[in-house]
Protein chains: 2
Amino acid sequence: MSKDTLPGLTACNNAMLRRATRKIGQYYDDVLAPSGLKATQQGLLYQIHVGNEPAMGVIAASLIMDLSALGHTLKPLIRDSYVETFADPADRRIKRVRLTPQGRAKLDEAMKLWQVAQQRFEDMVGKEKAARLRAVLDEIAAVDFNETPAS
Amino acid sequence: MSKDTLPGLTACNNAMLRRATRKIGQYYDDVLAPSGLKATQQGLLYQIHVGNEPAMGVIAASLIMDLSALGHTLKPLIRDSYVETFADPADRRIKRVRLTPQGRAKLDEAMKLWQVAQQRFEDMVGKEKAARLRAVLDEIAAVDFNETPAS
DNA sequence: TTGATTTAGTGGTATATGCCACCTTTGACG
DNA sequence: CGTCAAAGGTGGCATATACCACTAAATCAA
């Protein structure tokens, strides 16, 4: 248990996850700061970039994020002209998202900083340990807590 | 890589951490919902409970949370009379926090639900795996990213 | 075809969190 | 002492994220 930790904190999976997320989030945000993007925004731009003009619902599902939360998060990026949206011609309920030229440029810029943060993280934590962590996190993200526990 | 994941998502330590935190947060929140508390609030009440009328700065450091963020998070709990604050007589810059009787009762109620969520999580994920995950998260939370990488 | 249902998003409201500027209280020092 | 820097918080502003009620579009069913 790390110093400065009050008793009992380390028992809760959720609390530990949040705590680590705050820490790492601050670190990645810090490195990304020169780009003017938060790490969440950089990640979102990247998702949009690798997707094929993805629908909002698809992005939200990928990120395990509430659809309305995604809508809110998208707003500053639209305001700053990094992304734009358009209705799917075949199904006008669906709103697709894509990067603007400025968005692509900004993402390029941010990805360089991201690589610095990512590399340093792996240097500090260990490449193997980081990979195992991500694998466990991905596994947990895929658990259906409504199912009966595995036997 | 889980289904519904766009390419490349799993590479970023920060993004994976956030994604898993959203997922687990929703799950714990769901189970805690009958108490009217969010998981973050239950966790915060618990920290206050186990602390010895902790100062805000001490809580913030324990949770690796910005002091002002803690202040904001505390507000609804103060409004609902679950916690109260008072100046440290020996150093009036320091504001200490403690549970009210209602806060203790609400925490009792929430802890019962927390145990349900926690138990089910461990059943689904595996007790050992969960413990290892928490250990890694605690380790990462303790890393000083300003230091030179370990040799 | 038309009415009920489902699907995809929006907007409002509330909490979670961070940064920055600012204020007060201490504590150190000449 | 009186000044001044450091420590501990507050408030404002911005983003992150969730839930809910509501709207519009597409689908299904009779």
Side-chain angles (χ1 to χ4, degrees), chain A residues 14-15 17-33 36-45 47 54-61 63-80 82 85-97, chain B residues 14-15 17-33 36-45 47 54-61 63-80 82 85-97:
Chain A
N14 184 48
L17 215 30
R18 275 189 176 277
R19 197 172 74 125
T21 297
R22 282 191 294 269
K23 169 88 172 201
I24 306 309
Q26 285 174 32
Y27 165 63
Y28 274 76
D29 275 356
D30 227 47
V31 179
L32 279 171
L37 293 178
K38 309 295 215 61
T40 44
Q41 299 179 316
Q42 174 266 329
L44 183 48
L45 289 187
Q47 284 305 297
M56 288 187 55
V58 171
I59 300 174
L63 300 181
I64 313 183
M65 177 181 297
D66 184 89
L67 180 56
S68 76
L70 174 61
H72 295 313
T73 303
L74 231 30
K75 273 180 190 163
L77 296 173
I78 293 172
R79 179 201 58 201
D80 297 340
Y82 294 145
T85 60
F86 59 102
D88 185 320
D91 183 342
R92 285 176 311 177
R93 288 173 305 181
I94 296 175
K95 188 193 271 190
R96 295 185 174 277
V97 188
Chain B
N14 183 47
L17 215 31
R18 277 188 175 276
R19 196 171 74 124
T21 296
R22 283 191 294 269
K23 169 89 172 199
I24 306 310
Q26 286 174 32
Y27 165 62
Y28 275 75
D29 276 355
D30 226 47
V31 178
L32 280 171
L37 293 179
K38 308 295 215 62
T40 44
Q41 299 180 317
Q42 174 267 331
L44 183 49
L45 288 187
Q47 284 306 297
M56 289 188 55
V58 171
I59 300 175
L63 300 181
I64 313 181
M65 177 181 296
D66 185 89
L67 180 56
S68 76
L70 174 61
H72 297 314
T73 302
L74 232 29
K75 273 180 190 162
L77 297 172
I78 294 171
R79 179 201 58 202
D80 298 339
Y82 294 145
T85 60
F86 59 102
D88 185 320
D91 184 343
R92 285 176 312 177
R93 287 173 304 180
I94 296 177
K95 187 193 274 191
R96 293 185 176 277
V97 188

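Note that these values count all heavy atoms, side chains included, but never hydrogens, waters or copies made by symmetry. So you know, we letter chains A, B, ... as the sequences are listed, proteins then strands, and number each from 1.
Here B:Arg79 reaches the OP1 or OP2 of C:dT15: one of its side-chain N or O atoms lies under 4.0 Å away. OP1 or OP2 of D:dA26 lies within a sub-4.0 Å distance of a side-chain N or O belonging to A:Arg92. Put simply, B:Gln26 has a side-chain N or O that comes within less than 4.0 Å of OP1 or OP2 on D:dA18. For the OP1/OP2 pair of C:dT15 and a distance below 4.0 Å, the side-chain nitrogens and oxygens of B:Thr73 include no atom meeting the criterion.
Considering all non-hydrogen atoms of both residues, A:Ala87 and A:Arg92 come closest at CB-O, 4.4 Å. Looking at every heavy atom in both residues, B:Arg96 comes nearest to B:Asp88 through NE-OD2, 2.9 Å. The shortest non-hydrogen separation linking B:Ala60 to B:Leu67 is CB-CA, 4.0 Å.
Along DNA chain C, the nucleotide closest to B:Ala69 and the one closest to A:Ala55 are compared, and the more 5′ of them pairs with A:Ala55. Each of A:Lys38 and A:Gly71 was assigned the nucleotide of DNA chain C with the nearest heavy atom; the assignment lying further toward the 5' end belongs to A:Gly71. Along DNA chain D, the nucleotide nearest A:Asp88 and the nucleotide nearest A:Ile64 are compared for position; the residue whose nucleotide lies closer to the 5' end is A:Ile64.
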Pairs under 3.5 Å (N/O, protein and nucleotides 4-7 of chain C):
unit_1: C:dT7; atom_1: O4'; unit_2: A:Arg93; atom_2: NH1; d: 3.2
unit_1: C:dT7; atom_1: O2; unit_2: A:Arg93; atom_2: NH1; d: 3.2

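Taking atom CG of residue B:Leu37 and atom C1' of nucleotide D:dA18, one finds them 16 Å apart after rounding to whole Å. We find that CG of B:Asp29 is positioned 11 Å from C1' of C:dA16, with the value rounded to whole Å. Here C:dG9 presents its P atom at 11 Å from CG of A:Leu74, a figure rounded to the nearest Å. Distance B:Arg22 CZ to C:dT15 C1': 16 Å, rounded to the nearest Å. One interatomic measurement links the two molecules: CG of B:Asp66 to C1' of C:dT15, which rounds to 16 Å at whole-angstrom precision. A straight line from CG of A:Leu45 to P of D:dT15 spans 14 Å, rounded to a whole angstrom. Here the P atom of nucleotide D:dA18 and the CE atom of A:Met56 are 13 Å apart, to the nearest Å. Rounded to whole Å, atom C1' of D:dA16 lies 16 Å from atom CD of A:Gln47.
Here C:dT17 is the nucleotide among D:dA16, C:dT17, D:dT17 with the atom lying nearest to any side-chain atom of B:Met65. Set against C:dG9, C:dT17, D:dT15, the side chain of A:Arg18 has C:dT17 as its closest nucleotide. Checked against C:dT26, C:dT15, C:dG18, the side chain of B:Asp91 finds its nearest nucleotide in C:dT26. For A:Lys75, counting side-chain heavy atoms from C-beta on, the closest listed nucleotide (D:dG11, C:dG11, C:dA16) is C:dG11. With distances taken from any side-chain atom of A:Ser68 to the nucleotides C:dA16, D:dG12, D:dC19, the minimum falls on D:dC19.
One distance of note links CG of A:Leu74 with CE of A:Met56; it measures 5.5 Å at 0.5 Å rounding. Taking NZ from B:Lys75 and CD1 from B:Ile78, the interatomic distance works out to 8.5 Å, rounded to the nearest 0.5 Å.
Under a 3.5 Å cut-off, the side chain of A:Arg22 and the backbone N or O of B:Leu63 do form a donor-acceptor pair. Between the A:Gln26 side chain and the A:Lys23 main chain, no donor and acceptor come within less than 3.5 Å of each other.
Residue B:His72 places a side-chain atom within donor-acceptor reach of the base of C:dG18, judged by atom type and a 3.5 Å distance cut-off alone.
Note on A:Leu67: a base of the nucleic acid sits closer than 4.0 angstrom, heavy atoms only.
When side chains are defined from C-beta on, B:Thr40 does not count as touching B:Asp29, because their heavy atoms never get closer than 4.5 Å.
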